[in-house]
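Reviewing the structure listed below.
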Amino acid sequence: MNHTSDELPPDWPTTERQALAVQLDLRTRVVLDEPGPPPGAPLTAVGVDVAYDDERDLVAAAAVALDARTLDVVAEATAVGRVAFPYVPGLLAFREIPAVLTALRRLGAEPGLVVCDGYGLAHPRRFGLAAHLGVLTGLPTIGVAKNPFTFHYAPPGPDRGDASPLLDGDEEVGRALRTRTGVKPVFVSVGHRVSLDRACDHVLALARDFRLPETTRRADALCRRALAQAVTGG
DNA sequence: GCGACAG
DNA sequence: ATCTTGTCGC
């Protein structure tokens, strides 16, 4: 079985300067005026995540497809390759996306929604990982992050479902969403072809039993396994 | 100049 | 992201 990632996309940026230019170009193609898939209806929600071994210059990505109503796993795929870009705040997409694209190609399911680990429009140039992946694939995408990055928010109410705006100055770039009563919120932002209200509805449904959506929990576990297996061999 | 900084 | 023990709890 071939678990090696394909080569990088031909013109993948090497320098920060190139990456910035790509962001400024691609960000004009983000679609923000579609509501996205309706919550409650049949939906294949795909979680994507990436794990690293910087020592060995390895990256492992996972894509896990769930039935959004039952949270059952319906398909899985992984991809292991070389790290494509260093971690630079604001340029995370260039580090994560190549391996994620390979994993998505290998997934035997058509995603109705892709849930990313990180941000979409909540980004210094309004083009985070989730928005970038959406533009490259054409798929509806959202971002769910565990930290507020450089943004600010007033703590949402204490109950599951309570939310407050995630602010860049006075602009709402996402939402702090409480998925578990009394537990730190997650930070939701729009990627591509999904409204913020629906993004939060989907996150709440997917985070039925835990703070993080089941999509990201499954993808996180799988990419770690794939990385460990790649390092160990066999 | 200094601090902050998704994963 | 990753480095890392025990521990409390369902």
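Chain letters run A, B, ... following the sequence lines, proteins first, then strands; residues in each count from 1. These values consider heavy atoms only, across backbone and side chains, with no hydrogens, waters or symmetry-generated copies.
- Sorted by residue number, the members of residues 141-149 of chain A with any non-hydrogen atom under 4.0 Å from DNA chain B read A145(A), K146(A), N147(A), F149(A).
- A heavy-atom distance below 4.5 Å is found between the side chains of Q23(A) and F94(A).
- Look at NE2 on H123(A): it is 11 Å from P on dA6(B), rounded to the nearest Å.
- We find that CG of D117(A) is positioned 7 Å from C1' of dG7(B), with the value rounded to whole Å.
- Whole-Å rounding puts the L227(A) CG to dA1(C) P distance at 12 Å.
- Here R218(A) does not pair with D49(A) in a salt bridge; the nearest charged N to carboxylate O distance is not below 4.0 Å.
- Under a 3.5 Å cut-off, the side chain of T28(A) and the backbone N or O of L24(A) do not form any donor-acceptor pair.
- Put simply, the side chain of R160(A) gets close to the backbone of L204(A): a donor and an acceptor are under 3.5 Å apart.
- Residue A51(A) is classed as a sugar-phosphate contact, given heavy-atom separations below 4.0 Å to backbone atoms only.
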> What string of B, S and - do you get for nucleotides 4-10 of chain C, 5' to 3', when a contact is any protein heavy atom under 4.0 Å?
Replying inline: -------
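- If you take CZ of R224(A) and P of dC3(C), they are 9 Å apart, rounded to a whole angstrom.
- At a threshold of 4.5 Å between non-hydrogen side-chain atoms, the residues R180(A) and F210(A) do not count as touching.
- Inter-residue side-chain proximity for T78(A) and Q229(A) is flagged as unmet; no heavy-atom pair is nearer than 4.5 Å.
- Residue contacts for L166(A): at a heavy-atom cut-off of 4.0 Å it reaches no nucleic acid atom on any strand shown.
- In this structure, CD of Q23(A) is placed 12 Å from C1' of dA6(B), rounded to the nearest angstrom.
- Residues Y87(A) and Y52(A) are not in side-chain contact: their nearest non-hydrogen atoms beyond the backbone lie 4.5 Å or more apart.
- No donor-acceptor pair closer than 3.5 Å links the side chain of H192(A) to the backbone N or O of V30(A).
- Look at CZ on F187(A): it is 11 Å from P on dA6(B), rounded to the nearest Å.
- Atom C1' of nucleotide dG7(B) and atom CG of L212(A) are separated by 13 Å, given to the nearest angstrom.
- Straight-line distance from the CG atom of D220(A) to the P atom of dA6(B): 16 Å, rounded to whole Å.
- In this structure, D54(A) reaches neither bases nor backbone, as no heavy-atom distance under 4.0 Å exists between it and the strands shown.
- V173(A) has its side chain out of reach of L121(A): every pair of non-hydrogen atoms, C-beta onward, lies at least 4.5 Å apart.
- Closest to the side chain of R95(A), from the set dG7(B), dA1(C), dA6(B), is dG7(B).
- Stacking between Y87(A) and dG7(B) is shown: the ring centroid lies under 5.5 Å from the centre of the six-membered base ring, and the planes differ by under 30°.
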